[in-house]
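The figures here come from the full heavy-atom set of this structure, side chains too, leaving out hydrogens, waters and symmetry mates. Just so we're on the same page: letters track the sequence lines, and every chain starts at 1.
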Amino acid sequence: MQNSHFFVTGDPMIYGADVSIALVSVAIIFYLTYFKKWGWLWREWITTVDHKKIGIMYLISALLMLFRGGVDAILMRIQLAVPNSHFLASEHYNEIFTTHGTIMILFMAMPFMFALFNIVVPLQIGARDVAYPFLNSVSFWLFFLGAMLFNISFVVGGSPNAGWLSYPPLSENDFSPGPGQNFWIWGIQISGIGSLMTGINFVVTILKMRTPTMRLRDMPLFSWSVLSSSIAILGVFPILTVTLVMLTIDRLLGGHFFTMTAGGNPMMWVNLIWMWGHPEVYIVVLPAFGVYSEVVATFSRKRIFGYSSMVFSMIAISVVSYYTWVHHFFTMGAGANVNIVFAICTMIIAIPTGVKVFNWLFTMYRGRIRITQPMLWVMAFVPCFLVGGATGVMLAAAPADYQYHNSYFLIAHFHQVLIGGVVFGYIAGMYYWFPKIFGFKLNERLGKWGFWLWQIGFYVCFMPQYALGFMGMTRRIYTYNDSMGWDMGWAPLNYISTIGAFLMGIGFIFQVWQILYSIKHGERDVTGDIWDGRTLEWSIPSPAPAYNFAILPVVKGRDAWWYQKEEMQKGNVHKEAVKYEPIHMPNNTGIPFIMSVFWFIAGFGFTFEWMWMGIAGLIGVALTLFARSFQYNTDHYIPVEEIEKTEKARKNYGSVHRTAN
Amino acid sequence: MSNHEHTANMKAYTTGFALSIILTIIPIILVLNHLLSKTALVVSILLAAVLQFVVQLFFFMHIRDGEGPRYNVMALILGIIFVVTIVAGAIWIMSFNSQVQ
Amino acid sequence: MQQSISAHVSDHTQGHEDQEGIKLLGFWIFLVTDCLLFATFFAAYAVLHTHTNGGFTASEFNVPNFIIETFILLISSFTSGIAVLNMHKGNKKGLTQWLIVTAVLGAVFVGLEVKEFMDMAAEGATLSQSAFLTSFFSLVGAHGLHVSFGIFWMIGILVQLSRRGITPVTKRKISMVSLYWHFLDAVWIFIFSVVYLMGVM
Amino acid sequence: MVYLNSTFYYHDSRNSIPLYFVKGDLTLRKWIQTAKLSFLALLGMALLSGCDKSNFIVLNPKGPVGQQELDLIIISVILCAIIILPVLGIFVYIVIRYRDKPGNKAPYQPEWADSKILEVIWWGIPIIIVAILGVYTAKTTINLTKPPVKDVKPIVVQVTSLDWKWMFTYPDKKIATVNYAEIPAGVPVQFILTSDAPMNSFWVPQLGGQEYTMPGMAMGLWLQADKIGEYFGSGANFTGKGFAHMQFRVKSVTQDDFNQWAAGIKKNSPALTDKGYKQLSKPGLEKELSFSSYPKGLYEDIVNKNGGTYYDHMSHMGDMGSQSSMSSMKMEDKK
Ligand code: HEA
Ligand code: HEA
Ligand code: CUA
Ligand SMILES: [Cu+2]
């Protein structure tokens with residue numbers, strides 16, 4: 001690697017980015033130093049093992065990455081708006097769609113999902129923490145530094161440009177030499193290991209940390225969705241890890257897993273990466289389904305309809321999604337029998353998904369629907385996901401897919417399920433639990449602006465893309481000529497699509513404004529139960545105290561808090577004096593952060609093929625692991641006086657544990 | 001989990017050890033002496049391996065220990081299903097044994 | 001009434017004691033995901049094992065070497081079991097000794113494997129020679145790295161054991177490492193059968 | 001049908017950049033012009049082009065393969081619509097009827113959360129639909145592995161995707177072309193696909209769906225044009241820098257014209273030598289080219305050097321003249 005190529009050069013946009021990144025960094029450093037915030041940052045955030053704070057850090061990262069991926073999207077749409085555009089050069093466009101796809105799925109959807117896992121699950125199951133708080137912090141920092149490693153490729157070394165799933169041999173040394181592709185490998189590898197740990201963490205949390213009276217069949221559906229998504233994570237992230245290791249072996253050590261020469265087989269990559277990649281999209285959509293279930297029930301003032309079939313269908317989706325990966329390469333000619341089996345397995349997913357849709361509808365049926373912000377996004381989700389899912393089923397008909405594959409029809413399908421299913425869901429979840437996290441509600445008026453801009457923008461952007469697919473427009477082309485643009489009719493539709501992207505961008509700006517505005521002016525949540533909720537997280541104050549529950553709640557069925565409130569209204573609740581006990585909590589620790597920094601160093605070293613640095617980083621990782629294993633003072637007790645003080649400060653909260661029959 | 005009832009005792013370990021030695025030697029003998037046809041050989045090697053895996057699980061890893069829901073057993077079963085899917089699926093798909101379209 | 005029950009149960013779940021059980025379950029799940037990791041390497045090996053690029057083929061493996069390796073690992077699995085038995089009996093000395101035996105056997109195993117790899121490399125059969133060799137070295141090497149990691153882990157535990165004796169924490173750690181060791185033995189059985197035996201068959 | 005003019009392709013030497021990429025002012029003018037036009041587009045042109053059925057080339061097939069795929073597309077749209085549209089209707093109805101506003105008389109049953117009958121209905125209907133669609137999918141999948149018509153002798157065209165161009169070799173005629181292919185109308189064509197570069201995908205929407213071109217593999221794709229015409233084709237799987245320019249043209253002509261065309265090429269065009277192929281396969285763009293001959297065994301060598309020797313069925317790569325159709329039959333018998 002020559003040093004002259006270390007900094008990406010040659011493009012004014014990149015210089016602009018360099019300058020703005022430098023300026024922002026200087027500003028942050030100045031702010032932290034001037035206001036003496038370094039210690040605060042270290043103590044309160046970097047070393048925290050509190051799942052709520054980790055959740056907040058995930059949330060902030062996800063929003064930042066949505067912005068980054070969104071800027072990529074806008075740039076692509078500008079380039080494609082008209083034929084023969086030279087706003088972006090070919091290589092630059094290729095980098096942008098690669099980073100757009102990678103960032104949106106791995107560094108936006110995943111952390112957004114983990115944000116909700118962390119913020120909601122322990123509160124919903126009446127736990128004081130996740131099963132492994134230390135590991136949780138490791139997961140976050142691995143994700144974060146992996147994402148940062150990926151993002152610096154923009155200014156140092158060059159971005160990857162072989163597509164978000166980087167098919168070899170294009171992604172091998174022969175065709176993509178240099179650090180760009182390595183950034184992709186290591187950014188995903190490091191954060192992927194973090195995701196795998198999160199999966200383990202939440203499976204065990206849900207199985208083992210529920211408040212002792214909560215049976216699995218009383219558990220709220222969001223937590224069920226987390227369980228099913230985490231199981232899928234356990235099933236597929238190891239495959240991703242190994243597949244990336246294989247590409248690393250090819251690129252770094254001269255191996256031949258996927259090369260064109262020496263017997264390598266690029267198809268094996270396609271096969272393996274989709275074994276992970278397909279379930280991955282269901283991993284991100286399942287928790288969104290969980291959000292819908294919570295929001296719909298709350299704002300219809302009704303029990304969720306068909307609870308058991310909701311649970312069953314989620315588990316079914318997470319398992320059956322393991323058997324559909326070939327639908328991403330029907331056109332590879334693996335054989336009629338292979339295609340038929342996987343086509344039918346793919347269509348089968350539509351059945352449990354449909355059941356969920358029907359159950360949501362019937363939750364609203366004979367309910368009382370309050371159209372609040374979270375509910376708005378849920379109502380936008382239904383039609384969008386229905387149509388996107390239906391086009392998915394059309395894609396699943398293998399021979400029809402020979403015509404859709406890699407066309408804009410496909411692009412339209414997956415944006416419709418990814419945005420309509422995943423993004424809408426997470427945004428709904430964010431609005432729903434925002435008061436719980438921060439103690440105030442997000443402004444409705446600005447939110448509505450954001451909402452409608454997103455909605456209109458979405459359909460204006462992506463509906464024309466279905467038509468473009470039928471017109472033969474393939475994905476990943478940085479430009480098209482006049483003949484395609486005018487004679488074949490691609491140009492007008494692309495232009496419209498670009499307008500839609502801008503509308504979504506403006507919608508996003510409204511949402512950012514909304515958050516900033518609400519920090520000052522947002523309606524404060526003084527009850528802890530601002531939506532008249534049904535599940536345990538609404539029985540404690542907003543924001544929740546460090547230990548979540550002073551006394552573990554007693555749960556007698558589903559929607560525990562809702563029925564508790566009914567009892568309280570009927571006057572069946574006798575306030576007893578409660579006797580607190582000291583609460584056992586984990587200590588803050590800097591090791592996760594330090595370990596992740598070593599991972600970053602290792603990843604950076606291997607990216608530039610500076611083996612000394614890579615190995616040094618790995619040794620650092622091993623040493624921190626070792627240090628941790630010798631750490632014995634890992635926890636403390638919160639004394640009773642402190643709990644009493646905190647609990648006294650809360651006035652009118654009802655609390656589930658005060659039930660007495 | 002480890003604090004409850006233990007199936008771990010010297011007898012179990014020795015039995016397990018003896019079984020695994022036997023299950024290793026059988027395929028070695030079969031292979032080195034070319035005793036069976038190719039398919040039969042592959043089947044017996046795999047069979048011995050699977051049996052030995054079971055021996056490890058029961059005699060060494062004490063899969064039966066513990067109380068309450070057997071989450072570890074469930075995880076293992078799911079894991080085995082996934083393992084079979086990954087390996088068998090890859091072999092099947094990558095064999096490209098027919099022409100399509 | 002309800003109240004007191006809940007308080008009791010909660011102490012049980014959130015207290016130290018069960019914390020160790022929770023960690024063990026997590027470790028078990030981790031092992032299952034590790035299985036998938038090996039499964040993926042196996043899948044690649046199964047698909048690529050005939051792609052020899054005119055070089056080294058699976059029939060040329062060093063038969064005595066891999067048979068010895070196999071028995072050493074089998075024995076070490078047994079000795080790690082004996083170590084755990086000693087732990088349950090509270091016999092710190094026996095525990096330490098058998099752990100050391102296990103680690104030493106593991107080191108011999110790794111040594112033999114390194115020798116095998118070096119011999120192959122000396123014949124020109126390197127990782128970059130063919131897709132078959134890439135997948136072979138990756139699969140077997142991944143196992144070897146796991147074993148090496150296990151050895152270091154055992155050393156770390158031995159140090160803690162000498163300092164603190166048999167406590168709930170060291171107990172859990174020893175249970176984990178022995179579980180890990182049996183697991184590596186189980187993986188090896190498949191490498192032995194599928195890679196080596198079927199290779200020389 | 002889509003008319004393709006040759007401005008599509010780069011004019012002179014490879015790696016050069018076509019005029020409209022360099023000339024900034026030209027592009028600026030185009031921007032303005034396009035902006036104006038696009039306002040019209042917003043109002044009418046989208047609709048116009050939308051109504052202009054011929055632009056939807058996927059929905060406007062010119063051969064039996066594309067037609068079968070279109071049939072399946074239509075079936076799948078209908079089957080999905082049968083369920084999706086009513087659900088959308090129910091959704092709108094429920095949201096309007098059960099809004100929480102004062103004086104809403106609609107029933108409110110907050111505890112009603114289970115119904116066996118309903119469960120059976122909404123597990124049942126999707127199962128039936130998936131079953132029907134599954135059967136059609138399976139049928140079409142199997143059909144497409146066979147030549148579209150049985151009684152006409154097929155021809156073989158070998159396709160090699162390169163960085164960033166398409167090479168077609170005709171084993172029967174021993175001629176080669178780049179970035180365009182001619183085929184006889186009404187005759188099943190067995191395209192045999194490989195790549196001497198990162199994998200691409202061979203797609204001629206009006207003739208039928210695509211299939212990957214993969215290094216080291218020779219995969220078969222049956223297509224057929226019923227009438228004469230000229231069809232848009234493109235690479236559909238991303239291969240890097242020049243990928244966006246990998247369009248090609250497939251022209252179907254009568255059998256006589258086809259023979260004449262081939263004879264003309266044999267007579268008038270230069271030969272493709274080993275050296276010439278090496279040059280051709282280097283990364284870069286290329287205009288349409290024709291060659292009167294190509295090195296013997298070129299295609300087989302390409303497949304084999306990229307790993308073809310590891311796949312036994314790949315030995316039938318079509319360079320067997322009239323036998324080719326038989327060999328592909330044999331492949332089917334095998335499975
Ligand atoms: C969150 C993300 C997400 C979700 C939920 C889905 C859901 C589905 N997807 Fe999608 N998909 C992607 C993300 C997602 N997908 C991405 C990112 C890609 C492309 C990646 C790339 O190439 O870069 C892709 C690509 C993709 C392909 C590959 C196409 C190709 O490359 O050529 C296929 C093919 O089968 C497919 C099918 C499906 C199906 C059948 C569903 C189903 O799960 C949908 C089920 C839902 C419904 C059907 C609606 C509700 C159901 C009812 C009301 C019941 C009754 C309905 C019927 C019986 C029809 N998807
Ligand atoms: C969750 C995943 C996700 C999300 C949310 C999105 C969101 C968007 N995507 Fe993306 N997309 C993918 C996942 C996702 N995408 C994937 C996986 C690919 C495949 C990549 C590949 O081929 O390898 C892809 C590819 C892809 C393409 C195809 C590129 C190609 O093949 O050549 C296009 C083209 O239109 C596109 C557009 C958009 C747009 C307009 C949005 C919008 O919704 C974005 C809206 C958000 C914003 C705009 C953020 C705010 C921005 C600002 C505030 C900036 C300033 C604003 C203005 C100037 C208005 N995406
Ligand atoms: Cu993929 Cu042949
Ligand atoms: Cu998929």
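Residues A:I340 and D:T137 form no side-chain contact, since every pair of their non-hydrogen atoms from C-beta on lies 4.5 Å or further apart. Between D:M199 and A:L170 there is no side-chain heavy-atom pair separated by less than 4.5 Å. D:Y212 places none of its side-chain heavy atoms less than 4.5 Å from the side chain of A:F330. For the pair D:P110/A:R301, no side-chain contact is recorded, criterion being any heavy-atom separation below 4.5 Å from C-beta on. Using a 4.5 Å heavy-atom cutoff, the side chains of D:N55 and A:W490 are not in contact.
Proximity to chain A (any heavy atom under 4.5 Å) is shown, for D:T213, by neither the backbone nor the side chain. Heavy atoms closer than 4.5 Å to chain A are found in both the backbone and the side chain of D:D196. Using a 4.5 Å cut-off between heavy atoms, A:V357 touches chain D through its side chain atoms alone. Looking at A:F312, the atoms closer than 4.5 Å to chain D (heavy atoms on both sides) all sit in the side chain, from C-beta outward. Interface residue D:L118: only side-chain heavy atoms are found under 4.5 Å from chain A. Heavy atoms of D:T140 lying under 4.5 Å from chain A belong to its backbone as well as its side chain. Heavy atoms of A:I371 lying under 4.5 Å from chain D belong exclusively to its side chain. No part of D:I125 comes within reach of chain A, as not one of its non-hydrogen atoms sits under 4.5 angstrom from that chain. Using a 4.5 Å cut-off between heavy atoms, A:F358 touches chain D through backbone and side chain atoms alike.
Using cut-offs of 30° and 60° on the angle between ring planes, the pair A:F362 and D:W122 is tilted.
Between chain D and the residues A:K302, A:H405, A:R368, the largest count of heavy-atom pairs under 4.5 Å involves A:R368. When the candidates D:S201, D:P205, D:G240, D:P107 are compared by the number of heavy-atom contacts under 4.5 Å with chain A, D:P107 comes out ahead. The greatest number of non-hydrogen atom pairs below 4.5 Å with chain D, out of A:L468, A:V382, A:D401, is found for A:V382. Put simply, of D:I121, D:L72, D:V77, D:D100, the one with the most heavy-atom pairs under 4.5 Å next to chain A is D:D100. When each of A:E91, A:E172, A:R475 is checked for heavy-atom pairs under 4.5 Å with chain D, A:E91 comes out on top. Note on D:G66, D:A197, D:G242: by heavy-atom pairs under 4.5 Å with chain A, the leading option is D:A197. Options D:L193, D:D71, D:I73 differ in how many heavy-atom pairs under 4.5 Å they form with chain A, and the most are formed by D:I73. Note: A:A162 leads A:A343, A:A297, A:A162 in heavy-atom pairs under 4.5 Å with chain D. Options A:P464, A:A262, A:G263, A:G354 differ in how many heavy-atom pairs under 4.5 Å they form with chain D, and the most are formed by A:G263. The most heavy-atom pairs under 4.5 Å with chain D, out of A:F97, A:Y480, A:W360, A:F299, come from A:F97. Interface remark: of the candidates D:A106, D:G307, D:S115, D:A106 forms the most heavy-atom pairs closer than 4.5 Å to chain A. Between chain A and the residues D:S234, D:G208, D:A81, the largest count of heavy-atom pairs under 4.5 Å involves D:G208.
Aromatic pair A:Y478/D:F243: ring centres not closer than 6.0 Å. Less than 6.0 angstrom separates the ring centroid of D:W112 from the ring centroid of A:F305.
Atom OG1 of A:T479 and atom NE2 of D:H245 lie 7.0 Å apart (nearest 0.5 Å). Rounding to the nearest 0.5 Å places OG of D:S195 at 6.0 Å from CE of A:M260. The OH atom of D:Y98 sits 12.0 Å away from atom CE of A:M364, with the distance rounded to the nearest 0.5 Å. Between atom OH of residue A:Y404 and atom CD of residue D:E69 there is a gap of 10.0 Å, rounded to the nearest 0.5 Å. Within the model, atoms CZ of D:F232 and CE of A:M484 stand 5.5 Å from one another, a figure rounded to the nearest 0.5 Å. If you take CD1 on D:I94 and OH on A:Y365, they are separated by 7.5 Å, rounding to the nearest 0.5 Å.
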request  = Decide side-chain contact (heavy atoms from CB on, under 4.5 Å) for D:D163 and A:F175; before the verdict, give the C-alpha distance in whole Å, the side-chain angles of both, and the deciding distance to 0.1 Å.
outcome  = CA-CA 10 Å; D:D163 269 350; A:F175 300 96; 3.8 Å; yes
inquiry  = With side-chain contact (heavy atoms from CB on, under 4.5 Å) as the criterion, how do A:R303 and D:D114 come out once you've worked through the C-alpha distance, each side chain's angles and the decisive distance to 0.1 Å?
reply    = CA-CA 10 Å; A:R303 292 182 73 134; D:D114 263 312; over 6 Å; no
inquiry  = side-chain contact (heavy atoms from CB on, under 4.5 Å), that's the test. Do D:F238 and A:I477 meet it? Break it down for me.
reply    = CA-CA 8 Å; D:F238 181 63; A:I477 50 172; over 6 Å; no
message = Is there a side-chain contact (heavy atoms from CB on, under 4.5 Å) between A:N265 and D:M217? Walk through the geometry before answering.
response = CA-CA 10 Å; A:N265 187 343; D:M217 298 183 170; 4.2 Å; yes
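The number of heavy atoms from other shown groups lying within 6.0 Å of NZ (D:K101) is above 12. Residue D:Y136 places its OH atom among 12 or fewer non-hydrogen atoms of other residues, nucleotides or ligands, all under 6.0 Å distant. Counting non-hydrogen atoms of other residues, nucleotides and ligands closer than 6.0 Å to NZ of D:K305 gives a total above 12.
Nearest heavy-atom pair, D:I142 versus A:A336, reported as atom, atom and distance to 0.1 Å: CG1-CB, 4.5 Å. Scanning both residues, A:M471 and D:I57, for their nearest heavy atoms gives O-CD1, 3.4 Å. The two residues D:Y108 and A:S300 have their closest heavy-atom pair at CE1-O, 4.2 Å. Minimum interatomic distance between A:N339 and D:T141 (heavy atoms only, all atoms of both residues): CB-CG2, 4.1 Å. The two residues D:E111 and A:Y563 have their closest heavy-atom pair at OE1-OH, 2.8 Å. In this structure, A:G469 and D:W203 approach most closely via the heavy-atom pair O-CH2, 4.2 Å.
Side chain to side chain, A:T331 and D:E211 fail the donor-acceptor criterion of an N or O pair below 3.5 Å.
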Would you list the atom pairs, donor with acceptor, under 3.5 Å between side chains in residues 383-400 of chain A and any protein atom, with sequence neighbours excluded?
from, atom 1, to, atom 2, distance (Å)
A:T391, OG1, A:V387, O, 3.4
A:T391, OG1, A:G388, O, 2.8
A:T391, OG1, A:H413, ND1, 3.4
A:T391, OG1, A:Y466, OH, 3.0

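Remark: side-chain polar atoms of D:Q109 are not paired, donor with acceptor, to backbone N or O of A:R366 under 3.5 angstrom.
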